[in-house]
Amino acid sequence: MSASPGAVAIGDQLARNQIEFDDNLLLPLLYGERDQHLSQIERQLGVSLVSRGNRLAIAGPASATEVAHLALAQLYDRLKGGQEIDPASVEAAMRFAQAEIDDKTPTLWREDAGFRTRKRRIAARSVTQALYVKALRERELVFGLGPAGTGKTYLAVAAAVDLLMTGRVERIILSRPAVEAGERLGFLPGDLRDKVDPYLRPIYDALNDMLPADQLSRRMSNGEIEIAPIAFMRGRTLAHAFVILDEAQNTTPVQMKMFLTRLGEGSRMVVTGDPTQVDLPVGVRSGLTDALDALRGLDDIAVIRFTEQDVVRHSLVARIVGAYDARDRAGRGND
């Protein structure tokens with residue numbers, strides 16, 4: 001692929017440039033069905049994209065055309081590398097392009113920022129997600145912090161499935177505090193799994209996205225994928241396992257210390273949560289906050305912090321999270 005710039009302006013004046021592609025067979029995939037990918041870029045960046053043969057003309061504000069140009073180049077490179085693209089990939093490419101232009105992470109998008117599962121490849125869709133993926137690959141203990149919709153739990157499950165499928169861990173252990181049930185968990189009907197299932201629904205949904213139903217059922221039956229309420233973790237040493245603690249902001253300091261010290265040989269541990277959404281009784285300190293304070297500066301631990309800018313669900317979700325955060329900041333300012 002080669003890029004042939006046309007008229008280029010300074011700042012946010014109007015600019016025009018074009019990209020020339022060397023493989024016409026990839027263009028329908030790049031443009032999307034009925035040019036939906038091009039329409040997505042036009043709509044979000046406020047640019048005009050016009051295709052002429054194997055060339056694509058880009059016109060609009062200079063800063064936006066630069067992002068569009070780089071995003072399209074990234075997407076085309078992914079197609080040449082045999083990867084598929086979809087609207088989520090297009091959104092991610094624009095995020096990464098903006099980050100590269102801002103000189104934050106100039107080569108991050110070129111790395112293999114994702115995981116392969118039996119059903120699909122799970123790829124990072126924001127710069128922070130790519131940093132998180134890198135940490136999940138390299139560190140034995142990772143904290144993923146931030147609001148709902150940022151992919152912190154989903155990517156942790158993808159990392160666990162990837163390592164299980166490739167034999168680098170022998171089992172996956174999923175845990176989450178059942179704050180609403182408190183000490184009354186034993187009074188709920190059914191066996192242990194029935195009692196805890198409602199609290200682990202988001203993790204089950206992620207697993208269903210990544211493993212065929214028969215494999216998931218078999219691996220849960222033979223213990224390769226295990227549901228372990230945090231109260232039942234005491235006294236265990238978790239060797240050769242990928243352990244995920246979700247909604248960790250709702251643990252107590254005692255529970256969190258107990259959980260972290262279960263880490264055994266050949267294991268990985270990921271702790272996810274949103275420190276701003278604590279459901280513990282008033283006056284009870286969050287174990288997540290306590291752990292972050294206690295472990296500050298400790299080597300070999302990664303702490304990745306997501307913001308509303310990393311929300312990858314629906315665009316409205318990011319704006320909802322931002323609105324709540326702005327309201328809360330204003331409230332604290334008035335105290």
Side-chain angles (χ1 to χ4, degrees), residues 1 3 5-19 21 26-52 55-79 83-106 108-110 113-114 121-132 146-151 154-155 306-326:
M1 183 194 71
V8 179
I10 300 198
D12 264 346
Q13 298 178 4
L14 291 180
R16 292 194 299 179
N17 59 50
Q18 66 179 15
I19 307 178
F21 304 102
L26 294 178
L27 296 189
L29 300 175
L30 177 64
Y31 296 169
E33 186 177 354
R34 298 181 182 177
D35 292 345
Q36 64 170 332
H37 296 160
L38 298 186
S39 298
Q40 182 179 353
I41 294 172
E42 288 179 323
R43 185 171 58 254
Q44 185 158 332
L45 297 180
V47 297
S48 172
L49 302 175
V50 178
S51 60
R52 299 186 182 93
R55 297 180 180 182
L56 187 67
I58 309 171
S63 59
T65 59
E66 188 178 5
V67 174
H69 186 288
L70 184 54
L72 286 160
Q74 293 175 7
L75 291 167
Y76 184 73
D77 285 346
R78 290 180 183 274
L79 286 171
Q83 298 182 31
E84 297 180 355
I85 65 172
D86 55 17
S89 306
V90 176
E91 172 71 25
M94 287 187 280
R95 290 177 185 236
F96 282 114
Q98 185 65 64
E100 180 160 346
I101 290 167
D102 292 342
D103 199 31
K104 292 178 181 176
T105 50
L108 194 59
W109 69 270
R110 296 184 179 92
R121 182 178 184 276
I122 310 297
R125 291 168 57 184
S126 75
V127 171
T128 308
Q129 282 195 355
L131 293 171
Y132 188 48
T150 51
Y154 195 83
L155 285 171
F306 297 88
T307 71
E308 66 269 15
Q309 300 302 317
D310 299 298
V311 172
V312 292
R313 286 179 180 169
H314 190 287
S315 60
L316 183 58
V317 175
R319 298 201 299 274
I320 290 171
V321 172
Y324 272 95
D325 285 349

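Residue indices begin at 1 and follow the sequence shown. Excluded from the calculations below are hydrogen atoms, water molecules and symmetry mates; all remaining heavy atoms, backbone and side chain alike, are included. Keep in mind the model is a prediction, meaning the values are calculated, not measured.
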Task: From CD (Gln98) to CE (Met94), nearest 0.5 Å - done: 11.0 Å
Open item on the list: To the closest 0.5 Å, what do you measure between CZ (Arg95) and CD (Gln74)?
Closed with: 13.5 Å
Task: Closest contact, heavy atoms only, Ala97 versus Ala71 - done: CB-N, 3.8 Å
- [ ] Specify the closest pair of heavy atoms between Ala15 and Ala62, including all atoms of both residues, with the distance to one decimal.
- [x] CB-CA, 3.7 Å
Open item on the list: On a heavy-atom basis, which atom in Val311 and which in Ala148 lie closest, and how many Å separate them?
Closed with: CG2-O, 3.8 Å
- [ ] Look at the rings of Phe21 and Tyr76 and say which category their plane angle falls in: under 30° parallel, 30 to 60° tilted, over 60° perpendicular.
- [x] tilted
Open item on the list: Using 0.5 Å steps for rounding, measure from the CG atom of Leu75 to the CZ atom of Phe96.
Closed with: 11.0 Å
TODO: Please test Ile41 against Leu72 for side-chain contact (heavy atoms from CB on, under 4.5 Å), starting from the C-alpha separation and ending with a verdict.
DONE: CA-CA 9 Å; Ile41 294 172; Leu72 286 160; 3.8 Å; yes
TODO: Check for a donor-acceptor pair, side chain of Glu91 on one end and backbone N or O of Arg125 on the other, with a separation under 3.5 Å.
DONE: no
- [ ] Calculate, to the nearest 0.5 Å, the distance between atoms CD and OG belonging to Glu84 and Ser89 respectively.
- [x] 8.5 Å
TODO: Test His69 against Ile19 for side-chain contact (heavy atoms from CB on, under 4.5 Å), laying out the working first.
DONE: CA-CA 7 Å; His69 186 288; Ile19 307 178; 3.5 Å; yes
Open item on the list: I'd like to know if the side chain of Gln40 reaches the main chain of Pro87, judged simply by a donor and an acceptor atom lying under 3.5 Å from each other, with no hydrogens or angles considered.
Closed with: yes
Task: Thr65 vs Asn17, side-chain contact (heavy atoms from CB on, under 4.5 Å): CA-CA, chis, key distance, verdict - done: CA-CA 8 Å; Thr65 59; Asn17 59 50; 4.1 Å; yes
TODO: Looking only at non-hydrogen atoms, find the nearest pair between Thr150 and Gln129 and report the distance.
DONE: O-NE2, 2.8 Å
Open item on the list: So if I apply the side chain to side chain contact (heavy atoms under 4.5 Å, CB included) rule between Leu30 and each of Asp35, Leu56, Ile85, Leu38, which one comes out positive?
Closed with: Ile85
Task: Gap between atom CD1 of Ile58 and atom CD of Gln18 - 0.5 Å precision - done: 9.0 Å
